[in-house]
Amino acid sequence: MADIVGIGVSHGQAVGPVVHMPGPIVEPPLGPGLPDGASAAALAERITAASGRVRDELTARAASARGDGKAILEAAALMAVDPILVGEARLRVSALGSPARAVWDAAGEFAAGLTSLGGYLAERARDVADVRDRIVAELSGLPAPGIPDRSEPYVLIARNLAPAEAAMLDPATCVAVVTAEGGPTSHAAILLRSTGTPAVMAARGVLELAGDTVVLVDGSAGTVIVEPDPAEITRARKAVRRARTFDGRGRTADGRRVRLMANVGDPGQIGVAVATAAEGVGLFRTEFCFLDHHHAPTVDEQVAAYRQVLGAFPGQRVVVRTLDGGADKPLLFLDRPPERNPALGIRGVRIGKNSPQVVADQLTAISRAARRERAEVWVMAPMVATVDEAADFVARCDEAGLEVPGVMIEVPAAALSASQVLQTARFASIGTNDLTQYTMAADRDAGDLAQLTDPWQPAVLQLVELTCRAGQERARPVGVCGEAAADPALACVLVGLGAASLSMTPQAIPDVAAALRKVSYEECVRLARLAVAAPGARQARQAVRAELPVFGDLGL
Ligand code: PEP
Ligand code: MG
C-alpha cells in the first residue's frame, strides 16, 4: 500500500504495528425466536458467562488504574454483573433467540428506568450503555469498545479521537496516533502533543490499513510510511535522539524577552512542564481535571487539583483558565440538553449564564489555592465575546479576591473590541485555535477543512495584530496560548505581531526557543509583515520559511 499523507499535529516519529480503534457497537438484530435445538437455559448461561468475563476484565483494568479512573472501572465491573440487568436479559432470551439482543434490550429498559429516577441515578444510564456494549461485544466475538488494551507498543488508527479517549492513551504503549479525520487545533491533537505522542490527522486511507501492518509515523512531516525499510527506521530513530533543551529564558537573537510558558491540562502531567524549564504556565485548562466527573467538583476537590499545578511553579506565573466546557469538551456535570451547534452554543464563559454557582465555586477554589501556594496567579475566562462579558468576569474575580483577571481572545468580536475589553481586563491571551475556527467558520475538528483551520491564515494574523496593538495602547500584556505558538516559524511571526509571551505544549518549548534565538526582533516584524500580506495560509507559511533557511538546517 502507498504511503499516506495527512497533517502532522504532534511532532516526532515512531514505528509500530497498527491497531484499529474498535468501531461502535450497534444494536444486534432480532433473532427469529429460539433457534432449533437451542435450549433457552444454555443461551441464558452464555449471558451470565459473558457478563462475568466483562466484570473480570474491568476489575483487572481497575487494579492498574488510579484515582477517578479506578473508581469508574470498579463501578462498571459491578454493573456488568448487576442481578437486575443480567436477570432481565436471561428472561428475554428465549423470546428473542439472541443473547446479544436480549442484553441490548434489557440494558435499554434498565437505563430508561434509571433516567426516569433523575439525579445521580440518571447519570448512571451512560454507564449502563458502556457495560451493555462490552457484554454485547463479548457475546458477538467483537473487540471491546474504547481504547485497545495492549501491553506491546502499537500505533493507534482511528476515524477520529475524542479528547477523553486521547486522555486515556498510555504513551508507553501507544507510540503514535493516526486519524482519518481531525485537525491540528482539535483538543485531541493538543492532548497528544502534551504527552509527546507523534500524531498525524486528516490522513485519508489510513482506515484501510490491515491490522498489524508496520508503519513509520512522522508527526512533523505529516506522513505515514507503510512497511518502512530498515534505513528509514534508523533515520527516524536518530531524529528522535536530536533532542534540544531550554535554558529557561526565552529571547530573540538581539535579546528581546519573550516569555515561553507551558500549556497544561491534567495536573498529573505537570512534570513535563517543569522538566522543560517552562517559564510558568500560560494556560492551565482546568476543565481537563474534571472531564469524567458526573458531579460538579467540590471547592475542596478543585483546590487540591489547582494546588498541584500552582505548587509546581513557586514564584512563577500560572494563568488559570476557568472551565471551558461545552462543544468538544462536554462536562458531564453541567447536565446540558444537546445543542444543534455546540461550538456556537453554551461554552466557556457562557456556562455562567445557566450555572452561576459552578463559576462562583471555581473562582473561590482558585483564590484559596492561590493563597496556599507561592505562584503568581492570573485568571482568565475563555470564549469572551463582548466588552460586558469581560467587565462582568473582572468584577467576579474582584469579589473572589483574584487580583489579575484577564480574558482569552478567541472570538473575532473580542479581537475587534480588544481596546475596550482591555479597559477592564488586566491582560489578554490569544487562543489561536478557536480564533482560527471562528474567523474561518471552519470546525477545528473537521479533517476536511484542515487547510482553513490553519493559524497561518492572514485574516487570523490580522486579528492577532489588532489585539496586540490594543494591549500596547493600554499597557496590558498580550500573549498567545493557542497551538500556533508551538510552530517555530509562526512563533517568530507572532512575536513580530506584538505577542509578549508564548504558551504551548511544553514539549515544543525547546524548539521554539531555539528558533527565536536565531532571529532579531526586527526580523520578526519583517516576517510578520510578509505573513499578513500573503493571500493565504500556505503562501504565508512558504514566504516566511523561505526567509529562514537556517530553520531547515536545524530540523525546525
Ligand atoms: C485556543 O482556542 O486557542 C485555546 C488555547 O483554547 P482551547 O484550545 O483549549 O480551546
Ligand atoms: Mg479555545
Side-chain angles (χ1 to χ4, degrees), residues 9-10 161-164 166-167 182-194 201 261-266 269 273 281-291 309 318-331 342-351 378-385 389 393 406-415 427-446 452-457 460-461 463-464 467-468 478-487 490-491 494 497 499 501-506 508:
V9 302
S10 178
L161 205 60
T185 49
S186 65
H187 286 103
I190 294 166
L191 281 166
L192 293 168
R193 275 193 288 272
S194 75
M201 292 189 165
M261 306 166 85
N263 289 353
V264 171
D266 176 2
Q269 285 163 2
V281 172
L283 169 62
F284 173 17
R285 292 182 163 100
T286 54
E287 63 279 3
F288 279 98
C289 304
F290 309 114
L291 277 183
V309 175
V318 175
V319 185
V320 184
R321 176 175 76 182
T322 53
L323 294 169
D324 185 25
D328 66 337
K329 290 177 290 186
L331 288 173
L344 302 182
I346 305 292
R347 198 199 142 173
V349 77
R350 300 171 187 179
I351 292 171
W378 294 17
V379 186
M380 64 183 179
M383 282 292 288
V384 167
E389 280 173 355
F393 181 72
V407 293
M408 287 192 75
I409 300 288
E410 40 188 2
V411 177
F427 70 97
S429 184
I430 305 173
T432 46
N433 308 331
D434 277 314
L435 187 60
T436 306
Q437 152 163 274
Y438 296 124
T439 303
M440 305 309 296
D443 184 340
R444 60 194 272 183
D445 277 325
L452 286 176
T453 54
D454 185 334
W456 281 92
Q457 287 290 351
V460 177
L461 299 178
L463 291 174
V464 170
T467 309
C468 292
V478 175
V480 173
C481 66
E483 292 301 307
D487 174 333
L490 189 47
L494 296 171
L497 292 173
S501 63
L502 300 174
S503 190
M504 67 205 82
T505 187

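We count ligands from 1, going down the list as the structure has it; atoms in each ligand are counted the same way.
Heavy-atom contacts of R347 reach the following atoms of ligand 1: 10 (O) (cutoff under 4.0 Å). Listed by atom number, the atoms of ligand 1 under 4.0 Å from D324 heavy atoms are 10 (O). Within the listing of ligand 1, atoms 4 (C), 5 (C), 6 (O) sit less than 4.0 angstrom from a heavy atom of M408. Of all the atoms in ligand 1, the ones that sit under 4.0 Å from a non-hydrogen atom of L283 are 5 (C). Near G482, meaning under 4.0 Å from any of its heavy atoms, are these atoms of ligand 1: 3 (O), 5 (C). Against a heavy-atom cut-off of under 4.0 Å, E410 is close to the following atoms of ligand 1: 1 (C), 2 (O), 4 (C), 6 (O).
Side chains of C468 and V480 form no contact here, defined as non-hydrogen atoms less than 4.5 Å apart. Inter-residue side-chain proximity for V411 and M383 is flagged as met; some heavy-atom pair is nearer than 4.5 Å. For the pair E483/N263, a side-chain contact is recorded, criterion being any heavy-atom separation below 4.5 Å from C-beta on. For the pair E287/L331, a side-chain contact is recorded, criterion being any heavy-atom separation below 4.5 Å from C-beta on. Side-chain atoms of S503 and V281, non-hydrogen and from C-beta on, never get closer than 4.5 Å to each other. You'll find the side chain of L490 reaches within 4.5 Å of the side chain of P455, heavy atoms only.
In this structure, R350 contributes its side chain and G345 its backbone to a donor-acceptor pair below 3.5 Å. In terms of modelled atom types and a separation under 3.5 Å, the side chain of Y438 and the main chain of A343 share a donor-acceptor contact.
Considering just the N/O/S atoms of E410, the one nearest the Mg ion (ligand 2) carries the name OE1. The Mg ion (ligand 2) sits nearest to atom OD2 when only the N, O or S atoms of D434 are considered.
Not a single heavy atom of E483 sits less than 4.0 Å from an atom of ligand 1.
A side-chain donor from one of D434 and Q437 sits under 3.5 Å from a side-chain acceptor of the other.
Nearest protein neighbour of atom 6 (O) of ligand 1, counting heavy atoms only, is R321 NH1, 2.9 Å. The single protein non-hydrogen atom nearest to atom 9 (O) of ligand 1 is R285 NE, 2.7 Å, given as residue, atom name and distance. Atom 7 (P) of ligand 1 has as its closest protein heavy atom H187 NE2, 3.4 Å. Ranking protein heavy atoms by distance to atom 8 (O) of ligand 1, first place goes to R444 NH2, 2.8 Å.
Taking only nitrogen or oxygen atoms, main chain and side chain alike, D434 reaches within less than 3.5 Å of ligand 1.
Among all heavy-atom pairs drawn from G431 and C481, the shortest one is CA-SG, 4.4 Å.
Counting heavy atoms closer than 4.0 Å to ligand 1, residue N263 contributes nothing at all.
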